[in-house]
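The shown structure was predicted, so the numbers you read here are calculated from the model rather than taken from an experiment. One is the number of the first residue; the rest follow in order along the sequence.
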Amino acid sequence: MQFKINKITSALLASGLLLATHSAFAADPEIEALRQTILDLDQKIKVLERKNEIAAEEAAAKKKETPVVVAGPTGFGIKSADGQFEYSLKGLIQLDYRQFDNPDHTTNADDGFTARRIRPTFQGTLFGKYDFRFTPEFGETDNTNTGTGNISRVIDAYVDGRFDPAFKIRAGKFKPFVGLERLQGGGDIKFIERSYVSNNILPNRGLGTSVYGDLLDSKLSYAVGFFNGTNDGGEETTRVDANSDKDYTARVFTTPFKGSDSVLEGLGFGVAGTYTNSSTGTLPSYKTPSQQLNFFQYTTGTVGDGTRVRVSPQAYYYYGPFGVIAEYARVSQEVRNAAGTVNDTLKNDAWQIAASWVLTGEDASFKSVKPKNPFETGKDGWGAWELVGRYQENNIDGSAFNTASGNRFANPLTSAKEAKTWGIGLNWYLNQWVRLATNYEQTKFEGGGGGTLANIRDREDERILFSRLQFQF
């Protein structure tokens, strides 16, 4: 009880003291004015703080809605702040000079300059999972085995649905998931021209659809496809397919040591193939490495008539500055001669092995080399230098050629049975966008050089020196 009385007394005394102090301050007009000024400033500060909070909230909300403009090493583009929508422009320009040392060369293989590839690419993403790509071509046509010459055309026009890493769908015109080297971008290939495997046997691009994906932490990839179908090395150029029978494609590829510290981390291998059962019509010609001349072509009127099966085991290996790619392809094609009197199944094949060594120490990869020290005048950087070498062969089934009765499918006096090519090259990557390349390749042929059926001469060797200036962004 005494404690409560003391507590009440203390409170009354404190209140009296405060009242007395307040009365004293209130009695002084200057102090009262100062007090009011302080109260007003305090109120203004609170108002300003709240305005700043509102402005920060509005800025944050606006940032979530403002598109992001990109201009840098990966190209030019614009994307939404949340990354769900994106549009970008990329490009590839390849300007070549080609010199031939070949007694058989024609006006189609004269020395000179050519715009090998001029390809702007428009691509983007919708709703975070639907991608599109559109790439026209304005340079020299790639080897389509159609004889269309230099034309402007669309080479890629497709959409992707990325529903899951293990389940994606692609539809439109694109590279079927078949050839290993073919799946490298035109700006990433180590040699100026692709190998016989890519250019003469396996499909280039076609109209169709594929289901593909990555499994086991991206250590295993698969793809199955359904296409209108193209000739060996061919690209589909028509909008409507007159043949109701289609090409079926499949591929599995594994990188079993990916993500490990093993020396085998850069090892990848797999197998791919295509199948169709149809009357495929006109058959293709096979080109030399210069891509200007045919070393093998079927006689007029010979057509594909029945199944066509392609099989292609493939592999690569990258370790530090060293890289190697190896690929084999075999096509089994049922054919019929012009008179309709002879049918047969021909088995043609091609293979290549190509190695690269980055002399300046950068890591080799399936993509282009990115220099550690880009070349700039007045500075120490000299970019990246890469030495490349390749051996390749293209072999034609001996059953294709005329006998004395002339009832087969190709003329051995004008078409070679075999082409063997070795080549070396040097790539200078000034930076990740600009590259200078020089290649020398020499090809020996078996047959195709004239004479008589009893004494067939070999075609003259083809020797070519290519140089290229490449811009890629």
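Sparse packing is recorded around NZ of Lys444, with 12 or fewer heavy atoms of other residues, nucleotides or ligands lying under 6.0 Å away. For Asp380, the CG atom sits in a loose shell: 12 or fewer heavy atoms of surrounding residues, nucleotides or ligands are nearer than 6.0 Å. The 12-atom threshold is exceeded at NZ of Lys168, counting heavy atoms of other residues, nucleotides or ligands nearer than 6.0 Å.
Ion pairing of Glu386 with Lys190 is present here, as a side-chain N (NZ or NE/NH1/NH2) and a carboxylate O approach within less than 4.0 Å. With respect to Glu137 and Arg119, a salt bridge is recorded, a charged nitrogen being found less than 4.0 Å from a carboxylate O. Salt bridge Arg162/Asp131: present, at least one basic N to carboxylate O contact under 4.0 Å. Checked for salt-bridge contact, Asp156 and Arg205 meet the test: a charged N lies under 4.0 Å from a carboxylate O. Residues Asp397 and Lys347 are not paired through a salt bridge, judged by the lack of any N-O separation under 4.0 Å between the basic side chain and the carboxylate. Salt bridge status for Arg153 with Glu235: present, with a side-chain N to carboxylate O gap under 4.0 Å. The existence of a salt bridge linking Glu441 and Arg390 is confirmed by a sub-4.0 Å separation between a basic side-chain nitrogen and an acidic carboxylate oxygen. Between Arg116 and Glu193, at least one side-chain nitrogen of the basic residue sits less than 4.0 Å from a carboxylate oxygen of the acidic one, meeting the salt-bridge criterion.
Note that CG of Asp461 and CG of Asp101 are 9.5 Å apart. Values are rounded to the nearest 0.5 Å. Considering CD of Gln291 and OG1 of Thr114, their distance stands at 12.0 Å, rounded to 0.5 Å. Of the inter-residue distances, the one linking Asn394 atom CG with Phe296 atom CZ reads 9.5 Å to the nearest 0.5 angstrom. Taking OG of Ser467 as the reference point, atom OH of Tyr97 lies at 9.0 Å (rounded to 0.5 Å). The distance from the CG atom of Asn395 to the CD1 atom of Ile201 is 9.0 Å, given to the nearest 0.5 Å.
Tyr319 and Tyr317 have parallel rings, their planes meeting at less than 30° on a 0 to 90° scale where 60° marks the start of perpendicular. The aromatic rings of Phe174 and Tyr158 lie perpendicular to each other, with more than 60° between the two planes, well past the 30° mark. Ring orientation note: the planes of Phe295 and Tyr196 are nearly perpendicular, at an angle over 60° on the 30°/60° scale. Using a 30° and 60° split on the angle between ring planes, Phe226 and Tyr248 fall in the tilted class, from 30° to 60°. A tilted orientation is assigned to the rings of Trp357 and Phe322, their planes being inclined by 30° to 60°. Classified by interplanar angle (parallel below 30°, tilted 30° to 60°, perpendicular above 60°), the ring pair Phe366/Tyr316 is tilted.
A donor-acceptor pair under 3.5 Å is absent between the side-chain atoms of Trp382 and the main chain of Lys379, judged by distance alone. At least one donor-acceptor pair closer than 3.5 Å links the side chain of Arg182 to the backbone N or O of Ser198. A donor-acceptor distance shorter than 3.5 angstrom exists from the side chain of Thr209 to the backbone of Arg170, with no hydrogens or angles considered. A distance-only check finds no donor-acceptor pair linking the side chain of Gln352 to the backbone of Tyr328 [under 3.5 Å]. Within the 3.5 Å criterion, the main-chain N or O of Pro374 finds no donor-acceptor partner in the side chain of Asn431. For the pair Gln123 (side chain) and Leu89 (backbone), a donor-acceptor distance under 3.5 Å is absent. At least one donor-acceptor pair under 3.5 Å links the side chain of Thr299 to the backbone N or O of Phe409. Side-chain atoms of Arg459 do not come within 3.5 Å of backbone N or O of Ala416 as any donor-acceptor pair. When atom types are taken as modelled, the side chain of Asp458 and the backbone of Gly447 share a donor-acceptor pair closer than 3.5 angstrom. Between the side chain of Thr276 and the main chain of Lys246, a donor-acceptor pair closer than 3.5 Å is present.
Here the two rings, on Phe473 and Trp433, have centers that are 6.0 Å apart or farther. In this structure, Phe85 has its ring center no closer than 6.0 Å to that of Tyr87. Annotation: Tyr440 is in aromatic contact with Trp422 [ring centroid separation under 6.0 Å]. Checked against the 6.0 Å centroid criterion, the rings of Trp351 and Tyr391 qualify as a close aromatic pair. Here Tyr212 and Phe177 bring their ring centres to under 6.0 angstrom of each other.
Of the candidates Thr341, Asn343, Asp305, Asp305 is the only one forming a side-chain hydrogen bond (donor to acceptor under 3.5 Å, both in side chains) with Arg336.
Under the 3.5 Å distance criterion, with hydrogens and angles disregarded, no donor-acceptor pair is assigned to the side chains of Ser195 and Asn199. Side-chain atoms of Glu462 and Ser290 form a donor-acceptor pair, as typed in the model, at a separation below 3.5 Å. Side-chain N/O atoms of Asn337 and Arg408 include no donor and acceptor closer than 3.5 Å.
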Inset, instruction - Tell me, with the steps shown, if Ile396 and Ser415 meet side-chain contact (heavy atoms from CB on, under 4.5 Å). - result: CA-CA 10 Å; Ile396 309 301; Ser415 291; over 6 Å; no

Inset, instruction - Report the C-alpha separation of Thr302 and Leu283 in whole Å, then their side-chain angles, then the decisive distance to 0.1 Å, and conclude whether the side-chain contact (heavy atoms from CB on, under 4.5 Å) test is met. - result: CA-CA 7 Å; Thr302 299; Leu283 292 170; 3.8 Å; yes

Inset, instruction - Start with the C-alpha distance between Asp96 and Phe466, add both sets of side-chain angles, then the distance that settles side-chain contact (heavy atoms from CB on, under 4.5 Å), and finish with yes or no. - result: CA-CA 7 Å; Asp96 293 1; Phe466 288 173; 5.7 Å; no

Inset, instruction - Check the pair Phe445 / Thr288 against side-chain contact (heavy atoms from CB on, under 4.5 Å), numbers first and verdict last. - result: CA-CA 10 Å; Phe445 303 95; Thr288 68; 3.9 Å; yes

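Nearest heavy atom pair, residue Gly423 against residue Phe191, reads O-CZ, 3.7 Å.
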Going by atom type alone, with no hydrogens or angles, which donor-acceptor pairs under 3.5 Å involve a side-chain atom of residues 250-259 and a protein atom two or more places apart or on another chain?
{"unit_1": "Arg251", "atom_1": "NE", "unit_2": "Gln314", "atom_2": "OE1", "d": "2.8"}
{"unit_1": "Arg251", "atom_1": "NH2", "unit_2": "Gln314", "atom_2": "OE1", "d": "3.0"}
{"unit_1": "Thr254", "atom_1": "OG1", "unit_2": "Lys219", "atom_2": "O", "d": "2.9"}

